[in-house]
Amino acid sequence: MQHPVHHGGESRLRLSETDRRLHHDLQELVILYDLTESRPYLPRYPAPAAEPKLAGMRMSALFGHTLREFPTEAETPAHGLLLRGGYIDQLMSGVYSYLPLGNRARLKIERVIREEMDNAGAQEVFLPALQPIELWEQSGREAALGDVLFHLRDRRERGLALGATHEEVVTRLFQDHAQSYRDLPATLYQIQRKFRDEARPRGGLVRVREFTMKDAYSFDADDAGLDRSYASMFQAYRRIFARCGVPTVAVEADSGAIGGKGSQEFIFFTEYGEDTIVYCDTCDYAANTEKAEFVRPAAVAGEPLPTEEVETPGVTTIEALATFLGIEAKQTAKAVFLMATPTKGGRGTPVFAVVRGDLDVNEVKLMNALGGNVELRPMLDAEVEEYGLVAGYASPIGAPERVRVIADISLADSPNLVAGANRAGWHLRNVNFGRDWQAPTADIASGKAGHGCTRCGGTLQSSRGIEMGHVFRLQYVYTKAFNVNVLGADGGQVMPTMGCYGIGVERVLSAAVEANHDDGGICWPASIAPYDVHMVGIGLDRDEAARADAEALYGELRAAGLDVIFDDRDERPGVKFNDADLIGMPLRLTVSSRNTAAGVVEFKVRATGEGENLPRAEVVESVVAARRALLEALTVEQAEQRARTR
RNA sequence: CGGGGCGUAGCUCAGCCUGGUAGAGCGCUGCGUUUGGGACGCAGAGGCCCGCGGUUCGAGUCCGCGCGCCCCGACCA
């Protein structure tokens, strides 16, 4: 075994051919990334030679069967293919079992994640899923998460929670084991099950109640340190998604219940997504619609005119109002009544949110504008009445004292709007903010396609997407809640600033399938395929020579460090080829009487359908090379290019 | 949490309206023929028809109450 060497301007870790075969895991990293910088996990001395892994599976023994028909419960193509391929099985709403194939894909994704986390200097830990409820009460999130947090009691009636995430636990762990600034910076990560009692699980593996998350937490002495840790995780995430064959785009996001300031989501664009992302068609601005800043369409200009009442019988929607009066939606004011309930419990506050008629109230922005820590829900009819509001004709002018009015910034420069008159059947014309009514203003409207970009003046587009990962600057939210300090260099106390970083493992699995499939089935990215090679044997029970050839090749491939699934079943060729396409290993080899007689093995790349007959003696070498080529193609550049062009 | 749909074989479904004691295709098991893109024949296994209660001589079917699963919505008054 040779040591890493530099030569030329290009630096590479060099291994003997034997080592290459024996250490293909490491080799993957060598191929894709420059490892010559010092990285914590690399051994300081040559590692002892490992035994070949000989990872293989005979399909005759594989647990789980493919389905011929598309399961009706499948909501998306990816979900359907995973069910059909015998990868997953639903136990109950939002809870899935992973069969052997599905589990291998999961583990391969975890392997990619571990490599990149270790590479970035993060240290793996393992935190409990079972947690004392007091920890959640102390951070204030027991209330913030509400019913999403699974609660349970132990035999002594002590309150427990199943971990929905691990900020509390990791902060406590850090507090117990970090003593001085010399323990900073530190990034801890784990791959763990998370439990969230979602209101509505959906989309197969997209929103589930129990799932695997890689979560990482950084602790730094100051903002500059946090920025470095954040940037390091950000880069690691780009590589993880690229290597898993999932095209993602990083977008600005709201921090939600996790807390903190400044976060980005890695979004996989798909029509089955549950998030809406707006992005600029000119610059690279992209944001979750919950967060997106945008330039509001210009108002219809004019000098303020005297307010006058207009009778509008039965006209209770913006659309109807605009049609009835022959004006544009943006010449009206839209009112939304909500109840803001403190997440810590207590009485709700009635909120009267006003946006211009062409805009929509954004609940997340509104929640933040109200100071956070509140839960918003639509007002009940009884409450609407109780607070003296008139559904369909509510007016910000003379709104009841008890009701908290908040106005979108669009109202301030939009003159002469039509608003409700607080009297059924009547509206007011020429209502002017500032002159006729006043209220605190904030950005409480959702950006959408067609709006302007605040960065460059371009036009925003919108698409649906699914969040694959999320990186946050938590800052002091948790270290403050748990009063965590370490000894500083000057003998004083330093409160560490935190970041947290999450990836949904099964979402990556699901997105990888969605991004890489065709009518025949899955086309796994080489990095995360359950097996590297699918060997199909045709007519082996009728031909001794072909069978011996297949068995020998099966052994050779595994000895070369490849993970092989061997279809040794007594099935007709069509069944085997269709199953091979469906379960989707990246490379396929076919051994048959006719091939063995000709001294060849048929080789085919699943994703492209390209292939050739390889001379028997060159098969292993060719397959190793083909796999390497597939891995090399999974670069950040291609993934992000793919995400942009979709 | 509101609305809608659906629970019958491993999977996809029929049967329910009009009550009479359980079906099809695929899959599965055995035997035979077949063998390069989801073959064919023969023989089989497999179901408390989601649960409980009611109506009835009799309930998969009708009624009630649950439970489960899926979808839409949960903001634009």
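Residue numbering restarts at 1 for every chain, and letters A, B, ... go by the order of the sequence lines. Given the structure is predicted, the values throughout are model-derived calculations rather than measurements. Values reported hereafter were calculated over all heavy atoms of this structure, with side chains retained and with hydrogens, waters and symmetry mates removed.
- Base engagement by A:Arg588 is indicated by at least one non-hydrogen atom pair under 4.0 Å involving a base atom.
- Distance A:Ile88 CD1 to B:rG10 C1': 17 Å, rounded to the nearest Å.
- Residue A:Asn362 is out of contact with every strand shown, counting any heavy-atom pair closer than 4.0 Å.
- A straight line from CG of A:Leu91 to C1' of B:rC67 spans 15 Å, rounded to a whole angstrom.
- When both pairing distances are held under 3.5 Å, B:rG68 makes a Watson-Crick or G-U pair with B:rC6.
- When the C1' atom is compared between B:rC6 and B:rA43, the two are found 36 Å apart, to the nearest whole Å.
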List the atom pairs, donor and acceptor, that lie under 3.5 Å between side-chain atoms in residues 576-585 of chain A and the rest of the protein, sequence neighbours left out.
{"unit_1": "A:Lys576", "atom_1": "NZ", "unit_2": "A:Gly537", "atom_2": "O", "d": "2.7"}
{"unit_1": "A:Lys576", "atom_1": "NZ", "unit_2": "A:Asp567", "atom_2": "O", "d": "3.3"}
{"unit_1": "A:Lys576", "atom_1": "NZ", "unit_2": "A:Arg569", "atom_2": "O", "d": "2.5"}
{"unit_1": "A:Asn578", "atom_1": "ND2", "unit_2": "A:Gly574", "atom_2": "O", "d": "2.9"}
{"unit_1": "A:Asp579", "atom_1": "OD1", "unit_2": "A:Thr66", "atom_2": "OG1", "d": "2.8"}
{"unit_1": "A:Asp579", "atom_1": "OD2", "unit_2": "A:Arg569", "atom_2": "NH1", "d": "3.4"}
{"unit_1": "A:Asp579", "atom_1": "OD2", "unit_2": "A:Arg569", "atom_2": "NH2", "d": "2.9"}

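- Contacts of A:Lys604 with the nucleic acid, taken as non-hydrogen atoms under 4.0 Å apart, include base atoms.
- Note: CG (A:Asp570) to C1' (B:rU34) measures 11 Å, nearest angstrom.
- Salt bridge status for A:Glu556 with A:Arg616: present, with a side-chain N to carboxylate O gap under 4.0 Å.
- Look at the C1' atom in both B:rG60 and B:rU8: the space between them is 7 Å, to the nearest Å.
- The gap from the C1' atom of B:rC26 to that of B:rA14 amounts to 14 Å, rounded to the nearest Å.
- Base pairing of B:rG41: its partner is B:rC31, meeting the Watson-Crick or G-U wobble criterion (both donor-acceptor distances under 3.5 Å).
- Among the heavy atoms of the strands lying under 4.0 Å from A:Arg84 is at least one base atom, whether or not backbone atoms are also near.
- Nucleotide B:rU55 has no partner under the Watson-Crick or G-U criteria, as no pair reaches both atom distances under 3.5 Å.
- Using C1' as the reference atom, B:rU34 and B:rC42 are 15 Å apart when rounded to the nearest Å.
- When rounded to the nearest whole Å, the span between CD of A:Glu571 and P of B:rA39 equals 9 Å.
- One finds a salt bridge joining A:Asp197 and A:Arg209 here, because a Lys/Arg side-chain nitrogen approaches an Asp/Glu carboxylate oxygen to under 4.0 Å.
- Spacing between B:rA74 and B:rU12 at atom C1', rounded to whole Å, works out to 33 Å.
- The partner of B:rC13, taking Watson-Crick or G-U wobble pairs whose two distances both stay under 3.5 Å, is B:rG23.
- The separation of B:rG73 from B:rG19, taken at their P atoms, amounts to 40 Å, rounded to a whole angstrom.
- Of all nucleotides present, only B:rC1 satisfies the Watson-Crick or G-U wobble test against B:rG73, with each distance under 3.5 Å.
- Counting any heavy atom pair closer than 4.0 Å across all strands shown, A:Leu338 reaches no nucleic acid atom.
- B:rG23 and B:rC40 are spaced 23 Å apart, taking the C1' atom of each and rounding to whole Å.
- Atoms CG (A:Asn578) and C1' (B:rU35) sit 15 Å apart, rounded to a whole Å.
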Exercise for the section: Any chance you could lay out the side-chain contact (heavy atoms from CB on, under 4.5 Å) test for A:Ser263 and A:His470, step after step, and finish with the verdict? Expected result: CA-CA 7 Å; A:Ser263 77; A:His470 203 155; 3.0 Å; yes
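- Position along RNA chain B of the nearest nucleotide to A:Ser93 versus A:Asn595 favours A:Asn595 as the more 5'-ward residue.
- Using modelled atom types, one side-chain atom of A:Arg507 and one backbone atom of A:Glu467 make a donor-acceptor pair closer than 3.5 Å.
- Taking only side-chain atoms of A:Glu69, from C-beta outward, the nucleotide of B:rU35, B:rG25, B:rC72 with the closest atom is B:rG25.
- Summarising the geometry, the separation between CG on A:Asp541 and P on B:rG36 is reported as 13 Å, rounded to the nearest angstrom.
- As rounded to whole Å, 12 Å separates atom C1' of B:rG27 from atom CZ of A:Arg569.
- Comparing the P positions of B:rG51 and B:rA59 gives a spacing of 14 Å, expressed to the nearest Å.
- Shown are A:His79, A:Glu514, A:Arg464; of these, the side chain to side chain contact (heavy atoms under 4.5 Å, CB included) with A:Tyr272 is made only by A:Glu514.
- Contacts of A:Glu319 with the nucleic acid, taken as non-hydrogen atoms under 4.0 Å apart, are absent.
- Candidate nucleotides B:rC76, B:rC70, B:rA74 were compared by shortest atom distance to the side chain of A:Arg202, and B:rA74 ranks first.
- Among the atoms of the strands shown, base atoms are found under 4.0 Å from some heavy atom of A:Ala335.
- Comparing B:rC71, B:rA39, B:rC11 by their nearest atom to the side chain of A:Leu67 picks out B:rC11.
- By the 4.0 Å N-to-carboxylate-O rule, A:Glu551 lies close enough to A:Arg58 to be salt-bridged with it.
- Rounded to an integer number of Å, the gap from CD1 of A:Ile538 to P of B:rU34 is 18 Å.
- Of the candidates B:rG37, B:rG73, B:rC76, B:rG73 carries the atom nearest the A:Arg200 side chain, counting heavy atoms from C-beta on.
- With RNA chain B read from its 5' end, the first of the two nearest nucleotides for A:Asp581 and A:Ser446 is the one closest to A:Asp581.
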